[in-house]
Each structure stands twice: as structure tokens, then as C-alpha cells.
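Notes follow once the structure below has been shown.
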Number of protein chains: 2
Amino acid sequence: MATLRDVAREAGVSVATASRAINGLGNVTAPTRAAVMAAVKKLNFVPHSGARSLTRRKTDTVGVILPDLFGEFFSEIIRGIDLVAHESGMHLLLGNMHGSTHETAAAIAAMRGRVDGLLVMPPDLKPELLADYLDPALPTVLLNYDAGSLDLPFVAVDNYRGAYAMTEALLAHGARQVIHIAGPKHNRDARDRQRGFVDAMAKIAKERSPVILPGDFSEESGEKAARLLVEGQLPADAVFAANDQMAVGLIAELARAGVSVPGDVMVAGFDDIPLARHLSPGLTTMQVNIDRLGSTGMMLLLRLLRGDALGAASATILTPNLIERGTTASAPGAARATAAAASPL
Amino acid sequence: MATLRDVAREAGVSVATASRAINGLGNVTAPTRAAVMAAVKKLNFVPHSGARSLTRRKTDTVGVILPDLFGEFFSEIIRGIDLVAHESGMHLLLGNMHGSTHETAAAIAAMRGRVDGLLVMPPDLKPELLADYLDPALPTVLLNYDAGSLDLPFVAVDNYRGAYAMTEALLAHGARQVIHIAGPKHNRDARDRQRGFVDAMAKIAKERSPVILPGDFSEESGEKAARLLVEGQLPADAVFAANDQMAVGLIAELARAGVSVPGDVMVAGFDDIPLARHLSPGLTTMQVNIDRLGSTGMMLLLRLLRGDALGAASATILTPNLIERGTTASAPGAARATAAAASPL
DNA sequence: GGCGACAGCGTAACCGGTTACAATGGCGAA
DNA sequence: TTCGCCATTGTAACCGGTTACGCTGTCGCC
């Protein structure tokens, strides 16, 4: 592989001149520049980005550290990031925490000297730990993580408000006994969604204390919840799953048990995964524009790189929006409410 | 940010000794090593990977260049690559051709000095062009691209055989009038699948010349094909779409037109996207393990990096496997064949 | 004609590590 | 005691670029 020295020799100039010519800086006469360019062509010279970034002290690369590299959430967030990064000529270096704290530390450490900034999404890491791992000198934006104490800019989804709105919508459709299927206990999104549900129930339907079934965001846990519902004869005329995945499992299992959706129970999810609209009936859900999580985060990071002093104050909160589909179609008449109270399933 | 020099000074040793201690090389006494490590801790030193890779002449990073960073295909392939790369402590640098030839060249050039090897998936690039862009000195594996003339190792999916097998299966289920919805004309996968279909039809059902409708892998083009079928009154008792996406659109539109699947027509797709099993009835399709495309490619690249001389001869061809679901459930009795011949839709 | 200003170019230091080679010193053997 | 060997450590070159600074020569001006 040809180096700059080779090019300089070939063109009969010094490395400094060759560098200037190649980078289009001033102080190079047209003939000299032409000679250098000819040498570049001839030797097939491509600048060595590694060496370049060493002196320039910038790499034109941002590190993206995600909990895993899997599924639609991942691809959408990357798409959003790339959209913005590409416009600014930035490259993406992928890091993966592989679910382990130790790996997370390693992934972050490995980024030093490779990237100009970091986009990190640490869904179940304590802020103090995170602070330990992060290099304060490296511009960093957190994705889907509100760590106000760290004073880092972040972009998050308003899960609380989304869940609140969804619960309201179910009640507005005439539901009286709404059951929530929660996500993993340690997961912030899951907790916020649960809070939103609980608060909405407390405020609007205060007569009853809300029922919450455990779940872990997986399809199987949705199925399990369905069995609990059916076998336990739990009174319910609507089920709000903390994510679509569980809603899908729930619906499948309910169908097997002969329970009709929305005839016997309404079902709602959260996320609006592509599958949601393809089910029949379509799944009512809160749409989260995951790509915007990525693109907004990347935009914040770019501002950080430009030198703006951004803290937690410049956080962006994305509000999800309600998508109503078939699984919450209102029952014909007010019969629902009374029937539900009697024997919902 | 602390540098190695800082650490050395703090520990009262030379940079060479500090480097050796940190990298666990021999020839360092325990006390010296301890002193260095203490300095590392104290100064919070993290080695600068950029500088390190400059001298080591390796970056522990592989470049992944894909046509786009979008959807399930992308996330699965990355997952497969990461699985293997992670085991070897390799990082992933993402490149995106954004659909343009010019961008492709830029993406490849930008990799020089940043990566030890390249994983490239150029679905609609001519081999000659590709050869121009690639650096012959940089170990490269092609994904889903058979460019025998370049003599590069590659890993591909046997689309031809998959389509052939699917067509056979449809015929075995009693279909007589099978229609194919093709993918984009310039796309290699699409062409191979079409060839497989045509050949299978020629061999097994030679009495009729196969009908092929145009498509572009999008859901909409599947819907369009459905309208052609219905409005054009095309005789068909089975439709084989070149990918699942189109099959999904097709089924949705057929449902709107009151055509029952598989009652009136059987439908089959290709790819086995997650949605396929969630449709009701489930979509019969050829399962392509996209993640294996990535993991196998990465394994080939690792061998290349280890110094093995691999050429096109070490290509791996992945055979997709048939997943039969509801959309091709055999009709009750032989009534189908005759009914179909009379008035299929 | 002599002066300074300035454009074009080259020399060499530097980015932050690694490592070949040389220097040092402790120890056992003669 | 002296020599040599070897393990430990230090010095400095190097990876492949960028760039501060200095040198040279041309030009305009007094």
C-alpha cells in the first residue's frame, strides 16, 4: 500500500506539499498539485485514516453502544443514527454490551482512540456504574436513558405518558377491568409504563385497584399471562401489555382458548412493531418512532462535537402516539360494561 | 486524557517498560508491574486504540459494507457477524452504500486504515466495478454475491434451489397453475429465484408455460399483483412470491377481494421473515438463515486474516429450507385441481 | 539597488503507542 | 575477584499522516 512518502517521492515534492495538495489547502501551485494528483492516481494512494486521525485528533467516527445487536429496535435505531451521521460524513463503530456489565465496560474502553463521541443505550445499568465507565472527556449522549445526575444530554421516550394515554383510551372505549402485563422489573421503560397505567387507573377509575401480571417483554410471557387470565378466571375486559411482543403472545394464546379479541377482551400493546398492523384484527398500540431516538441522539452528539456545552437540560423527550386498530374496536352497545362486570371471559 | 508517557512518569519507569507491563509481556518484575498498574489506575489510563493500531498494523476491526442499514435483513446479518466477531474480540465498523455507486466507492475507501478486513454485500454492482473499488491487499469476503471472476471468498444463499424446491412443493400439494411474482429485475437473488421457478415448472409441469408477474420485493407490489390476478381473472391455484414481503401484500389484497387462502389459492413466499409465522394462516416460505450469512462470512474473513489463502473456491452456499404453514394446506380432496382448472378465483 | 512582504515549499516535530536494540546490573562460575 | 550471561529496563526509531516554522526566491516599493 502506497504511503504519502511514496506519493511525495513520485511527484518530486516533500510530504508536506503532497499532504497540502491532497487536502486542497492553499499554498500549492496548480502544476505542483497536478503532479501530486498524478502520483496519487498512479500509485493508487488512499490516505490511511488511522494515521490521519492520530494527528488530527478526530476520527470522524462515533461509537454506538447498544444492549444487543438484535431485532427491529436495533435496526431502526441504527437507521436513524446513520441518517444523520451520514450527512456529516461520520462513520459508525458498533459496540455491544452483550448483556453483561463487564462487557459494557470493555466495549466503552475499546472505543477510546477510535471515536470522537459516543451514543450509549444502557437500559439496565445504574447511573453510578455508568459514570465510572464513561470517559468525561468524550462527548456522550445517552439513548433512552434519563440519568439526570450525570448531566449528560439524552433522548428518551415518554413511556409514562404513553401508558397513561393508552389506559385512558381503553377506558374511553368502555373497558372497566383493565389488566396490565408488566415488563421486566429492572427495566426502566417497563417501570415507567407500569406507573403510567397505575396512575391513569387511579385517577380515572379509582373505584378499583389495578391488576398487574408479571412479564418480561417476551412473547412467551404474554402467552403465560393469557393462561393466567383464562384459568384464573380473572375478571377483565381489556388487557394492556407493556409491549407488543407480549400482546402478540397473549392474543395467540387467547385465540387457542377460544377467547375472542376484541369481542370478549380488548388488547393493547406498546411499540408498534411492524407485525402489529398485520395481525387480524390489527393490534392497538403506542407508536414509538425508534429511528427518531437514533437520529435525535445523533444530532445532539453532533452539537456536542461542535463544541456546544450540552447537559441533561438539552434532553429530548419523544412522545409516542396512539394507534388504534382492531383489538380495541368498541363493543356494540353498552352491553360490554355490565357483561364484563359479571363474567368477563 | 492520560497517555502512556504520563503513566511511565508517574510510575517512574520508561514508556517501554510501561507498555510491556500493561500488555502483560514478560521481562517485567512483579514490583515494577505493580507500580505501573497503580499509575494506570490512578491516572485512569486507557490505551489509545488508534495509536496502537498504527504500529501494530492491525485494528481489530472489520468493516461491514451493506446496501442499506434497514430492516430485518440488516439486523440479522449484523447479529450473525457480531456473534463470531465478538468471540475474536473484533469490532464492527459500519459502511453504507446508500444505493449509489459513488457512495460505495467512498465507503470502501474510507475503510482504509480503519479495518483489518472487509465484509461487503454489493447486491447490484457489476464485478468489474467492484474490483476497481476493492483494495486487493485488504482481506475481503463477499456476502450474498458470487463474483467468481474476482476470486474472492463469498457466502451465498442457494436461491435457485430454494425456488425450485418451493415450486415442487406447491405442485406436490396439487397445484396446477402456479404463478410467480418476481423481484426486481437487476437483483441477483430475484433472478435466481425466478430461474428456479421456471426450471421446476418446465421439468415437472411441462404442459403449461409459467406465468410471471412483475414485482419489486415491496408489499405494495404484492398488492398490485393480487389486483392483477383478481381483475385479470388469471387462472391460478397457487402463487409463489419471490419474497415474503410481497406475499404479505398479496394475501392482504386477496382477502379484501374476498379470495380465500389457501381455499381458493395457495400462497408461498421466500425468506421466512418473523411476520410469516404470525399471519393466520401462517405463510409457507423458504427459510433463509440470514444470520448464518453473516456468521459464515465472518468466519471466512477470520481465516483470511489468519493468513489462509482463500479464493472463490472456499465459498459457502447456504441452502434454505422449506417451512410449510397454513397458506399451502392441501385442499380437501382432489376437487381443487378440477375446480382450479375451471375457474380458479 | 536595497528593503520587506509574501507565496511556495521543505524540514522536522508531533500524535500515542510498540518494539528493536543497547545499556545496566545482579549473579554464578572460574 | 573477575568475567560472562541473562533478566530487566531504557533509548530511540518507527507506524503514516499533519502542520508549525523556517527557508528561498519573486515582486513591489521607496
Side-chain angles (χ1 to χ4, degrees), chain A residues 1-37 39-40 43-61 109-116 135 137-138, chain B residues 1-40 43-61 91 109-116 135 137-138:
Chain A
M1 207 63 226
T3 74
L4 187 63
R5 260 109 182 147
D6 299 330
V7 172
R9 193 180 320 120
E10 175 76 27
V13 300
S14 73
V15 287
T17 303
S19 174
R20 283 187 286 252
I22 290 173
N23 291 302
L25 303 184
N27 294 353
V28 183
T29 49
T32 308
R33 180 184 308 272
V36 172
M37 287 326 216
V40 165
L43 300 181
N44 238 307
F45 171 77
V46 179
H48 187 289
S49 325
R52 173 177 282 183
S53 62
L54 192 56
T55 54
R56 286 211 182 151
R57 317 181 123 262
K58 60 191 287 262
T59 60
D60 295 324
T61 303
M111 291 287 170
R112 134 116 173 153
R114 296 179 193 272
V115 301
D116 296 335
D135 175 356
L138 194 63
Chain B
M1 206 62 225
T3 75
L4 187 63
R5 260 111 183 146
D6 299 330
V7 172
R9 191 179 322 119
E10 175 76 27
V13 300
S14 72
V15 287
T17 303
S19 173
R20 282 187 287 251
I22 290 173
N23 292 302
L25 303 184
N27 294 352
V28 183
T29 50
T32 308
R33 179 183 309 270
V36 172
M37 287 327 214
V40 165
L43 301 181
N44 239 306
F45 172 76
V46 179
H48 189 290
S49 325
R52 173 177 282 182
S53 63
L54 192 55
T55 53
R56 287 214 182 147
R57 320 185 116 259
K58 60 191 287 259
T59 60
D60 296 324
T61 303
H91 300 263
M111 291 286 171
R112 136 115 171 152
R114 296 180 193 272
V115 301
D116 296 334
D135 174 356
L138 194 63

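By convention in this document, chain letters (A, B, ...) are assigned in the order of the sequence lines, proteins followed by strands, and residues within each chain are numbered from 1.
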Near DNA chain D, which residues from residues 15-23 of chain B have a heavy atom under 4.0 Å away?
-> Val15(B), Ala16(B), Thr17(B), Arg20(B)

Sequence neighbours excluded, the answer for side chain to side chain donor-acceptor pair (under 3.5 Å) partners of Thr61(A) is Arg114(B)

Can you run down the salt bridge (charged side-chain N to carboxylate O under 4.0 Å, His left out) pairs that involve residues 9-19 of chain A, sequence neighbours left out, and say none if there aren't any?
-> Asp6(A)-Arg9(A), Glu10(A)-Lys42(A)

List for me each residue that meets side-chain contact (heavy atoms from CB on, under 4.5 Å) alongside Thr29(B), sequence neighbours excluded, and say none if there are none.
-> Pro31(B), Thr32(B)

Side chain to side chain donor-acceptor pair (under 3.5 Å) with Ser49(A): which residues, sequence neighbours excluded?
-> none

Which atoms form the tightest heavy-atom contact between Thr3(B) and Phe45(B), and what is the distance?
-> C-CE1, 3.5 Å

Is Thr32(A) near enough to dG8(C) that one of its side-chain N or O atoms lies under 4.0 angstrom from OP1 or OP2?
-> no

By salt bridge (Lys or Arg N to Asp or Glu O under 4.0 Å), Asp60(A) pairs with (sequence neighbours left out) Lys58(A)

With sequence neighbours left out, the residues meeting side-chain contact (heavy atoms from CB on, under 4.5 Å) with Ala109(A) are Val46(B)

With sequence neighbours left out, what residues match Arg52(B) under side chain to side chain donor-acceptor pair (under 3.5 Å)?
-> Asn23(B)

To the nearest 10 degrees, how far apart in direction are the end axes of the helix from dG1(C)-dC30(D) to dA30(C)-dT1(D), each fit to five base pairs?
-> 60°

Residues passing the side-chain contact (heavy atoms from CB on, under 4.5 Å) test with Ala21(A), sequence neighbours excluded, are Val28(A), Arg33(A), Val36(A)

Qualifying residues under side chain to side chain donor-acceptor pair (under 3.5 Å), relative to Arg112(A), sequence neighbours excluded = none

Contact span of DNA chain D against chain B, any nucleotide atom under 4.0 Å from a heavy atom, 5' to 3', runs dT8(D) to dG17(D)

